[in-house]
Amino acid sequence: MPKILVSDLFGTLIPDSIIGANYLYGDINAYKDINEICNDKDYHAYLMKKLCLQCANDLKKFLNNGNKLIIVSDLSSHELNLTFIYEEIIEKILKYCNKNFTLYMVTKGGAASFDQEKLKSHITEEYNEYGIHHIIFDGYKIGLLDQKKDIFKVIKEKFNLEEYELYSVGNDYADIPMLVSCMELGGKSSLLNYNLYFNECLLKTTLEDEIHDKIYKESLILGEKEILKHYPNFSQLDDDKIFEIKKKYIYLGKRRTTSEYDQWYKNTKEKLYQDVREGKLSLDDLIKENIMFDLCQIALNHNLQKKTFIENNLDEIDMYSTFRDYYNKVLSIDSKKEDKKKAPVKSLKP
């Protein structure tokens, strides 16, 4: 069955920092800091070419199998303009890829606040399709969205989803509402984190620290399950009632005696260490799960109204290190033939 992939651009299809690009595609025999890279125009251009070529190689495989790609990027959250994104990235990927895909940009206020005066010479046509404002920018079709998750309004109108497998991928808490919308339509969502390759802070963590964090976060999820068991309409309650219920249930230590919580903590810790020793769990898995949980918690607080972690299906999201890693482990697999038991470790399922 063909696939539809809805993907963020920066930090997802390509690294969102030149340091990340240098780590993945640069000169392995010479360390360069950000100033050295930016001051060396030839080397900077070389890295941009390499990251676009790498992305295009993966996309060629994906698109050659009759799949669809929809790129959704937030123009308002980057200190870049549409001309740069098109000329320095999209056009270069198209050059290598020789395939068309669709680009949608999120701008503050959607089309209403899009600065068309600066781009007048590039825009040859404007029209509405599937309830979304579109422009033809240097001959290329671009849709303008209010929010990333609005892309699924287009997808529901444009495609018969019974004929496609739906996927969505992003890298930031701001992408999570888009990932949730994908899952609500029966799709699979994932996060990428290029920092897993070069962030020194992640290399300094210990197994003990990551297991402690996982247990704490699992206690929060168990608290949510307890809440939903007693209050199935939890998300529809008023704020004061929600706060009152959370105080009672959300931490195991708040709703059990100290000895009961200590025993649960001890048993859970022993089980996790046993999983590590048997090769069922790794430090890498734990780091990814804890990063995912933190991003999802931020999204819950800022973007996903009052629904709980469980109600938003956030425990169904998994994480990969690069787009190539994600392509090899998810997109290249025929889900009908794949044994679901071999899927990557899921986040936070106590």
Side-chain angles (χ1 to χ4, degrees), residues 11 169-173 175-176 179-180 183 188-229 246-301 304 308-322 325-326 329-330 340-350:
V169 63
N171 73 299
D172 188 85
Y173 78 88
D175 295 324
I176 290 175
L179 306 187
V180 169
M183 291 187 292
K188 174 179 173 56
S189 290
S190 303
L191 283 164
L192 300 188
N193 194 326
Y194 286 84
N195 289 331
L196 293 168
Y197 266 122
F198 62 88
N199 188 319
E200 291 182 6
C201 293
L202 298 180
L203 300 178
K204 294 175 182 176
T205 190
T206 67
L207 182 62
E208 176 77 15
D209 290 339
E210 294 299 323
I211 282 182
H212 175 77
D213 285 351
K214 178 175 174 61
I215 294 173
Y216 166 71
K217 289 161 183 174
E218 284 192 2
S219 75
L220 300 183
I221 299 301
L222 288 172
E224 278 194 3
K225 289 184 176 181
E226 195 77 8
I227 287 173
L228 294 173
K229 185 168 72 175
K246 279 186 174 181
K247 273 204 309 182
K248 182 178 179 182
Y249 289 104
I250 203 65
Y251 302 108
L252 283 174
K254 297 282 187 182
R255 61 186 178 85
R256 294 184 179 180
T257 67
T258 303
S259 60
E260 284 177 327
Y261 178 75
D262 287 348
Q263 189 59 49
W264 175 84
Y265 184 97
K266 180 175 180 291
N267 292 342
T268 305
K269 184 176 180 179
E270 288 176 355
K271 173 66 168 61
L272 290 172
Y273 267 101
Q274 188 63 31
D275 286 346
V276 171
R277 291 171 184 137
E278 293 176 359
K280 298 175 183 176
L281 186 66
S282 68
L283 178 59
D284 184 54
D285 295 328
L286 289 164
I287 290 172
K288 289 178 181 179
E289 288 187 12
N290 288 329
I291 290 172
M292 283 188 289
F293 187 94
D294 290 339
L295 289 174
C296 291
Q297 282 294 95
I298 295 171
L300 282 171
N301 293 334
L304 295 173
T308 63
F309 195 98
I310 296 168
E311 289 172 301
N312 280 299
N313 297 316
L314 295 175
D315 57 328
E316 292 295 327
I317 296 174
D318 47 20
M319 180 175 281
Y320 301 88
S321 303
T322 64
D325 184 35
Y326 171 71
K329 294 177 180 175
V330 180
K340 292 186 178 180
K341 292 182 181 178
K342 297 180 182 178
V345 175
K346 295 287 186 179
S347 167
L348 297 164
K349 286 202 169 181

If you take all heavy atoms of Gly11 and Leu192, which pair is closest and at what distance? O-CB, 4.0 Å
Check this for me, if you would: do Lys288 and Asp284 make a salt bridge, where the nitrogen-to-carboxylate-oxygen distance has to be below 4.0 angstrom? yes
Ile291 CD1 to Leu286 CG distance, which is reported to the nearest 0.5 Å: 11.0 Å
Check: Asp175 side chain, Asp172 main-chain N or O, donor-acceptor pair, under 3.5 Å: yes
Could you report the tightest heavy-atom contact between Ile211 and Lys269, atom names first, then the distance? CG2-CG, 4.2 Å
Under 4.0 Å between a side-chain nitrogen and a carboxylate oxygen: does that hold for Asp294 and Lys217? yes
Nearest 0.5 Å please: distance from the CD atom of Glu210 over to the CG atom of Leu272. 12.0 Å
I'd like to know if the side chain of Asn193 and the backbone of Met319 have a donor-acceptor N/O pair within less than 3.5 Å. no
Less than 4.5 Å apart, any side-chain heavy atom of Lys266 and any of Asp262? no
Backbone N/O of Ser321 and side chain of Asp325: donor-acceptor pair under 3.5 Å: yes
Show your working on side chain to side chain contact (heavy atoms under 4.5 Å, CB included) between Gln263 and Asn267 and close with a plain yes or no. CA-CA 6 Å; Gln263 189 59 49; Asn267 292 342; 2.9 Å; yes
Determine whether Tyr265 and Ser219 make a side-chain contact, defined as any pair of heavy atoms from C-beta on separated by less than 4.5 Å. no
Which value, rounded to the nearest 0.5 Å, describes the distance between Ile176 atom CD1 and Met292 atom CE? 10.0 Å
Are any of the side-chain heavy atoms of Phe293 and Asp213 separated by less than 4.5 Å? no
Is any side-chain N of the basic residue among Lys214 and Glu218 closer than 4.0 Å to the acidic one's carboxylate O? yes
Sub-4.5 Å side-chain heavy-atom contact between Trp264 and Leu222: yes
Just one of Asp318, Leu179, Val169 clears the side chain to side chain contact (heavy atoms under 4.5 Å, CB included) bar with Leu191, so which one? Leu179
Residue pair Leu295 / Asn171: nearest heavy atoms and the distance that separates them: CD1-O, 4.1 Å
